[in-house]
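Written below as structure tokens is the structure these notes are about.
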Amino acid sequence: MKIMCVDDEPLTVEDTMAMCRTLSPDISVWGFTDEKKALEWIRSNAVDIALLDIDMPKVNGITLAARIKQILPDVRILFLTAYRKFAFDAFSVHPNGYLLKPIIPEVLKKEIDYAMSVTVRTRTGMPHIEACTFGNFDLMVDGEPIVFKRSKSKELLAYLVDRQGMRVTRAEIAAILFEDAIYDRSMQKYLDTIIRSLRATLREYNVGELLQMGRNGLRIDAEKLSCDMYRFYSGDMEAIKSFRGEYMSSYSWASFIEADMRIKCEK
């Protein structure tokens, strides 16, 4: 694993680098006190994790994170700061973690492990059907992600999960999936194709009962699945702690819920 540290305090950089080296023998770490030099270096050296201070005199860590992500879109960002007041602004670059100084090695290791994990399981036990909405959307069946034949079928399911079991009409679905497109006969036929594909995929994984259809629209049976977003709004502290500022980030319509969740985390 490759890690870079950026902080305007040289001693903090050295301490953070030393701490990272104690976490695993497989970690390689580089440190910088100058933001420009860090950006120059990263243009030709990929890293997995960027540990960034926020309150720096030339370029603050949030701006630096945005520039780093332009170069390395998949880099994981962890902010290390002495100030809680930057937490809300930090969400604008979708960080993977926000740690308050002084940093404890055990906490840093936990956050790094979380950032590097593909799918987070914070609870004991594996639910039969689980909707993972923090970050990108996935539906898991017995711990394995469902592979959808059509991306729009996956997005439709994501929207139904977002609606938490509420029934949604076909016209409403078309407005979400295709935005300004006219809901004419051709669109209706295309939507029928998407729905059939979704039904076939769910049946293939033996979870066809999740989708309920009627004359008034579609819904998912929310009681048949576990969902991190549902747990978040129910006050589950493990779900709240696992939220890292991203909710179904592939879909623009999800931005309203994402913003609401950020506000609740800030409060």
Side-chain angles (χ1 to χ4, degrees), residues 91 94 119 127-236 239-240 242-265 267:
F91 278 129
H94 304 303
T119 303
H128 176 47
I129 308 174
E130 181 170 18
C132 302
T133 66
F134 294 172
N136 292 321
F137 171 73
D138 275 304
L139 188 75
M140 316 290 289
V141 176
D142 295 328
E144 295 296 326
I146 284 182
V147 178
F148 294 83
K149 296 178 176 63
R150 291 176 177 268
S151 61
K152 283 297 182 183
S153 295
K154 182 176 183 179
E155 184 175 358
L156 168 56
L157 181 61
Y159 182 63
L160 294 175
V161 169
D162 176 84
R163 301 310 296 159
Q164 304 182 49
M166 294 177 59
R167 193 170 297 279
V168 184
T169 68
R170 292 174 180 244
E172 291 171 332
I173 292 170
I176 289 294
L177 298 187
F178 308 107
E179 297 183 350
D180 298 328
I182 299 174
Y183 187 56
D184 55 13
R185 183 58 180 167
S186 176
M187 177 62 70
Q188 292 173 27
K189 288 183 177 180
Y190 183 35
L191 183 56
D192 285 342
T193 300
I194 291 170
I195 294 171
R196 284 197 299 271
S197 178
L198 174 57
R199 291 182 68 189
T201 297
L202 294 178
R203 287 171 177 170
E204 180 182 342
Y205 285 84
N206 297 314
V207 291
E209 74 280 1
L210 186 64
L211 180 64
Q212 298 186 348
M213 301 178 60
R215 296 182 61 183
N216 296 325
L218 287 72
R219 66 183 292 271
I220 55 106
D221 188 345
E223 294 183 358
K224 292 186 181 301
L225 59 79
S226 174
C227 177
D228 45 11
M229 184 266 278
Y230 298 174
R231 296 194 301 274
F232 179 99
Y233 279 109
S234 71
D236 186 317
I240 293 170
S242 68
F243 178 63
R244 292 298 188 273
E246 292 184 272
Y247 170 75
M248 295 199 192
S249 51
S250 299
Y251 309 127
S252 59
W253 48 260
S255 60
F256 296 104
I257 292 293
E258 180 178 277
D260 182 66
M261 295 173 81
R262 292 180 186 177
I263 291 171
K264 283 179 167 54
C265 279
K267 288 181 181 179

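Quick note: residue numbers are just sequence positions, from 1.
In plain terms, the two heavy atoms of Ala158 and Tyr251 that are nearest each other are CB-CE1, 3.5 Å. Taking each heavy atom of Tyr230 and Ala222 in turn, the nearest pair found is CE1-CB, 4.0 Å. Heavy atoms only, all atoms of each residue included: Met261 and Phe134 are closest at CE-CE2, 3.3 Å. Minimum heavy-atom separation, Cys132 to Met140: SG-CG, 3.6 Å. Here the closest heavy-atom approach between residue Glu258 and residue Glu246 is recorded as OE1-CA, 3.4 Å. Contact detail for Gly214 and Arg167: the closest heavy-atom pair is N-NH1, 3.8 Å.
Residue Phe137 holds its CZ atom at 12.5 Å from OG of Ser249, rounded to the nearest 0.5 Å. Distance check: Ile240 CD1 to Asp236 CG gives 7.0 Å after rounding to the nearest 0.5 Å. The line from CG of Leu202 to CG of Leu157 is 6.0 Å long, rounded to the nearest 0.5 Å. Here Leu198 contributes atom CG and Glu155 contributes atom CD; the two are 12.0 Å apart, rounded to the nearest 0.5 Å. Atom CG in Asp138 sits 11.0 Å away from atom CD in Glu144 (nearest 0.5 Å). Rounding to the nearest 0.5 angstrom, the gap separating the CD1 atom in Ile176 from the OG atom in Ser252 is 8.0 Å.
Between the side chain of Ser153 and the backbone N or O of Ile194 there is at least one donor-acceptor pair closer than 3.5 Å. In terms of modelled atom types and a separation under 3.5 Å, the side chain of Asn136 and the main chain of Met248 share no donor-acceptor contact. Between the side chain of Lys152 and the backbone N or O of Tyr190, no donor-acceptor pair lies under 3.5 Å. In this structure, the side chain of Arg219 does not engage the main chain of Gln212 through any donor-acceptor pair within 3.5 Å.
Atom CZ of Phe178 sits in a crowded spot, with more than 12 heavy atoms from other residues, nucleotides or ligands closer than 6.0 Å.
With sequence neighbours left out, the side-chain contact (heavy atoms from CB on, under 4.5 Å) criterion links Asn206 to no other residue.
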Side chains of residues 159-166: which donor-acceptor partners sit under 3.5 Å, not counting sequence neighbours?
| unit_1 | atom_1 | unit_2 | atom_2 | d |
| --- | --- | --- | --- | --- |
| Asp162 | OD1 | Tyr247 | OH | 2.7 |

Requested in this report: Run the numbers on Asp142 and Tyr205 for side-chain hydrogen bond (donor to acceptor under 3.5 Å, both in side chains), then give the verdict.
Outcome: CA-CA 10 Å; Asp142 295 328; Tyr205 285 84; over 6 Å; no

Query raised in the report: What do the steps show when you test Ser226 against Ile129 for side chain to side chain contact (heavy atoms under 4.5 Å, CB included), and what is the final call?
Result: CA-CA 6 Å; Ser226 174; Ile129 308 174; over 6 Å; no

Query - Working for side-chain hydrogen bond (donor to acceptor under 3.5 Å, both in side chains), residues Trp253 and Glu179 - result: CA-CA 9 Å; Trp253 48 260; Glu179 297 183 350; over 6 Å; no

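For the pair Thr169 and Asn216, the minimum side-chain heavy-atom distance is 4.5 Å or more. With contacts defined as side-chain heavy-atom distances shorter than 4.5 Å, the pair Lys264/Tyr233 qualifies.
Annotation: salt bridge (charged side-chain N to carboxylate O under 4.0 Å, His left out) contacts involving residues 188-203, sequence neighbours excluded, comprise Arg170-Asp192.
Under the side chain to side chain contact (heavy atoms under 4.5 Å, CB included) rule, Thr201 has a single partner from Leu211, Val207, Ile146, which is Ile146.
For the pair Glu130 and Arg231, the salt-bridge criterion is met [side-chain N within less than 4.0 Å of a carboxylate O].
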